[in-house]
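Just so you know, residue 1 is the first one in the sequence shown, and it goes up from there.
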Amino acid sequence: MKPYKQVNDSIMAPVMGQVAHNMHPQRPESDLSNLLCDILIWASKDYNEQPVLAIYNMGGIRADLIKGNVTYEDILSVAPFENKICFTTLTGESLMKLFAQIAKKGGEGVSKGTELVITKDGKLLSARLNGQDIDPQGEYRVTTIHYLLEGNDGLTAFQEGKNNVTFDDPSTNSRYLIMNYFKDMQAQGKVVDAQVEGRIKVQ
């Protein structure tokens with residue numbers, strides 16, 4: 001077993017970067033879900049996309065990140081599924097349906113600039129994006145993972161999207177995007193950080 005362990009360790013053990021504090025996924029909003037959504041936005045430039053919103057489901061985040069060094073194994077534990085980045089365009093009306101479905105679940109990961117107010121029993125009270133009310137007739141480019149684009153986990157409004165862009169290349173898996181982000185931050189001498197910012201508020 002020793003040769004196999006050495007190979008496994010050589011893959012899993014390398015440090016990708018550092019995280020500033022323990023991060024845990026929880027509803028309605030968490031530092032870790034905020035981070036993963038913002039990473040989807042960050043990664044979008046590599047696909048010539050400029051989404052205004054990213055969504056990542058809490059159920060797709062399978063482990064915590066612990067303060068200090070983050071290895072490839074840690075990232076694989078957080079994102080073990082074959083979830084690839086993808087893009088879609090939702091009308092404002094469909095986007096409000098999506099936000100209502102997120103409210104019904106008590107919250108999901110949303111990117112910076114999102115302001116949702118929901119009730120304790122899962123109703124959407126208000127929604128704004130980058131300081132603006134949602135225009136029902138407007139169009140909004142969204143990035144997410146393909147599992148959600150298919151309408152899974154109760155987010156069926158994604159099925160109303162158009163101009164979808166999806167990928168087959170394994171390099172588009174969310175775990176590799178997370179890894180690339182950590183490596184980029186490490187190359188810049190930065191420690192990865194994220195906070196709960198009030199993106200989703202419960203009243």
Exercise. With a 3.5 Å cut-off and no angle check, do the side chains of Gln132 and Asn130 form a donor-acceptor pair?
Worked result: no
For this session: Using only heavy-atom distances, determine whether the side chains of Arg199 and Thr114 contain a donor-acceptor pair under 3.5 Å.
Result: no
Exercise. Taking atom types as modelled, is there a side-chain donor on Asn164 or Thr88 under 3.5 Å from an acceptor on the other?
Worked result: yes
Exercise. Between Asp31 and Gln195, do the side chains contain an N or O donor and an N or O acceptor separated by less than 3.5 Å?
Worked result: no
For this session: Answer whether the closest heavy-atom distance between the side chains of Ser33 and Gln26 falls below 4.5 Å.
Result: no
Exercise. Would a hydrophobic clustering, with Ile, Leu, Val, Met, Phe, Trp and Tyr connected at side-chain separations under 4.5 Å, put Ile39 with Ile41?
Worked result: no
For this session: May I ask you to check whether over 12 heavy atoms, not counting those of Gln50, lie within 6.0 Å of atom CD?
Result: no
Seminar exercise, completed: Connected to Val191, directly or through other members, by ILVMFWY side-chain contacts below 4.5 Å are none
Exercise. When you check the side-chain N and O atoms of Thr91 and Tyr140, is any donor under 3.5 Å from an acceptor?
Worked result: no
Seminar exercise, completed: Residues passing the salt bridge (charged side-chain N to carboxylate O under 4.0 Å, His left out) test with Lys112, sequence neighbours excluded, are Glu197
For this session: Would you tell me whether Thr156 and Gln101 have side-chain atoms, one donor and one acceptor, within less than 3.5 Å of each other?
Result: yes
Exercise. Is the closest side-chain donor-acceptor distance between Glu160 and Ser94 under 3.5 Å?
Worked result: yes
Exercise. Any luck finding a side-chain donor-acceptor pair between Asp184 and Gln186 under 3.5 Å?
Worked result: no
Exercise. Is the number of heavy atoms from other residues, nucleotides or ligands within 6.0 Å of CD (Gln188) greater than 12?
Worked result: yes
Exercise. So, do Val70 and Val192 sit near enough that their side-chain heavy atoms are less than 4.5 Å apart?
Worked result: no
For this session: Identify, with sequence neighbours excluded, every residue that meets salt bridge (charged side-chain N to carboxylate O under 4.0 Å, His left out) alongside Asp121.
Result: Lys123
